[in-house]
Number of protein chains: 2
Amino acid sequence: MVDNAEKKLLADTGHRIRETRAAQGLSLEQLARLTGISAPALSLIETGKRDPRLTTLNRIADALRVPIAALTANLSGIEEPNTPLPYEGYDLGDYQ
Amino acid sequence: MVDNAEKKLLADTGHRIRETRAAQGLSLEQLARLTGISAPALSLIETGKRDPRLTTLNRIADALRVPIAALTANLSGIEEPNTPLPYEGYDLGDYQ
DNA sequence: ACCGACCTTACCGTTAAAGATAAATTACCT
DNA sequence: AGGTAATTTATCTTTAACGGTAAGGTCGGT
């Protein structure tokens, strides 16, 4: 469960990065120079084969001039205020 | 430039995680069980001493039932609107 | 066909994330 | 004060991110 969801997260995030980069007419090599991240590493991230660190994601977002949130696929089931979760909550006793 | 900004990013992100966890009355040990991430690792992340991977951040966001964007500090200089490309920016003349 | 720009994949070395455990520290109680 | 929970820090091992380089692959253009 975790594994497939995480693969999808990485794939979707990579997709968003690639779309954003392509929309700006940047090549991997250009983005590599802008971010300091090598082009092979960027390729792996964009194809969902690598699990980037937060600072890596931040450097990409900075270079593409979008917030990190624009790159992180949001498939966790939560989006806006409070989506009622399909599964059991934990004991959040003093919450509310 | 990158270094200080990244430290601040990690510190701010960790702070948001801690605030969200505390607001739900969860201990590090409880969050560790929910995420599969060890309590020492969570402590390092919350105190900004570790650079978490995207899937790690995602597991934390899932357990806290907030989107990843709620945890990632947004100090990249860009705000909210996902600019659909004004496209006259980006002076990459020196690159290319 | 060749060419050139772009992307992918594979290998290697360095570095750091992450789990486990234990120890030390701090906070919060009565 | 003592006691307990919570958190931090330290050490170790395994795993993977990342850069570098080189090789392979794809596509469009002349």
Side-chain angles (χ1 to χ4, degrees), chain A residues 2-7 9-11 13-64 68 71-72 90-95, chain B residues 2-7 9-11 13-64 68 71-72 90 92-96:
Chain A
V2 178
D3 222 286
N4 266 347
E6 289 186 345
K7 279 181 181 169
L9 168 74
L10 295 181
T13 301
H15 246 109
R16 294 199 187 184
I17 294 173
R18 172 148 301 181
E19 281 176 351
T20 308
R21 174 177 63 84
Q24 302 188 13
L26 293 173
S27 68
L28 277 181
E29 194 53 52
Q30 289 173 326
L31 185 59
R33 280 190 286 250
L34 290 171
T35 56
I37 303 166
S38 68
L42 288 173
S43 175
L44 291 173
I45 291 171
E46 286 190 352
T47 52
K49 299 185 179 70
R50 181 167 289 188
D51 191 354
R53 298 174 188 165
L54 177 54
T55 59
T56 301
L57 220 50
N58 183 60
R59 279 195 262 173
I60 296 173
D62 267 11
L64 295 177
I68 295 180
L71 303 181
T72 49
Y90 347 103
D91 184 24
L92 43 149
D94 51 353
Y95 187 81
Chain B
V2 179
D3 220 300
N4 264 348
E6 289 184 346
K7 278 181 183 169
L9 169 74
L10 295 181
T13 301
H15 196 242
R16 293 198 187 185
I17 294 173
R18 171 147 303 183
E19 280 178 346
T20 308
R21 174 177 63 85
Q24 302 188 13
L26 294 173
S27 67
L28 279 181
E29 194 53 53
Q30 289 173 320
L31 185 58
R33 279 190 290 257
L34 290 172
T35 57
I37 302 165
S38 67
L42 287 173
S43 175
L44 290 173
I45 291 171
E46 287 191 350
T47 51
K49 299 186 181 71
R50 181 167 289 187
D51 190 356
R53 297 174 189 166
L54 177 55
T55 58
T56 302
L57 221 49
N58 183 59
R59 287 204 287 219
I60 297 172
D62 268 10
L64 295 178
I68 295 181
L71 303 180
T72 50
Y90 239 120
L92 47 100
D94 39 341
Y95 287 133
Q96 185 199 359

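Throughout, a chain's letter reflects where its sequence line sits, starting with A, and its residues are numbered from 1.
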request  = Could you please spell out the steps behind the side chain to side chain contact (heavy atoms under 4.5 Å, CB included) verdict for L54(A) and E6(B)?
outcome  = CA-CA 9 Å; L54(A) 177 54; E6(B) 289 184 346; over 6 Å; no
query = With the sugar-phosphate defined as primed atoms, P, OP1 and OP2, and the base as all remaining atoms, what B/S/- string results for nucleotides 12-21 of chain C, 5' to 3', for protein heavy atoms under 4.0 Å?
reply = ----SSBS-B
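- For I37(A), the side-chain contact (heavy atoms from CB on, under 4.5 Å) partners are T35(A), A41(A), L42(A), T56(A), R59(A), I60(A), not counting sequence neighbours.
- Partners of L44(B) under the side-chain contact (heavy atoms from CB on, under 4.5 Å) rule, at least two apart in sequence or in another chain, are K49(B), R50(B).
- Within the structure, no pair that satisfies the salt bridge (charged side-chain N to carboxylate O under 4.0 Å, His left out) test touches residues 23-45 of chain B, not counting sequence neighbours.
- Rounded to an integer number of Å, the gap from E29(A) CD to dC7(C) C1' is 11 Å.
- Rounding to the nearest 0.5 Å places CG of N58(B) at 8.0 Å from OG1 of T13(A).
- Side-chain contact check for P52(B) versus L10(B): some heavy-atom pair is nearer than 4.5 Å.
- Taking atom CD on E6(A) and atom P on dA16(D), their separation rounds to 12 Å, with Å as the unit.
- For the pair E46(A) CD and dC7(C) P, the interatomic distance rounds to 8 Å; values are reported in whole Å.
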request  = Check the pair L57(B), L57(A) against side chain to side chain contact (heavy atoms under 4.5 Å, CB included), reporting the backbone distance first and the verdict last.
outcome  = CA-CA 12 Å; L57(B) 221 49; L57(A) 220 50; 6.0 Å; no
Could you pull out the protein-nucleic contacts involving nucleotides 24-30 of chain C (nitrogen or oxygen on both sides, under 3.5 Å)?
none

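- The side chain of R21(A) contributes an N or O atom lying less than 4.0 Å from OP1 or OP2 of dC7(C).
- Residues forming a side-chain contact (heavy atoms from CB on, under 4.5 Å) with T20(B) (at least two apart in sequence, or on another chain): Q24(B), L64(B), V66(B), L71(B).
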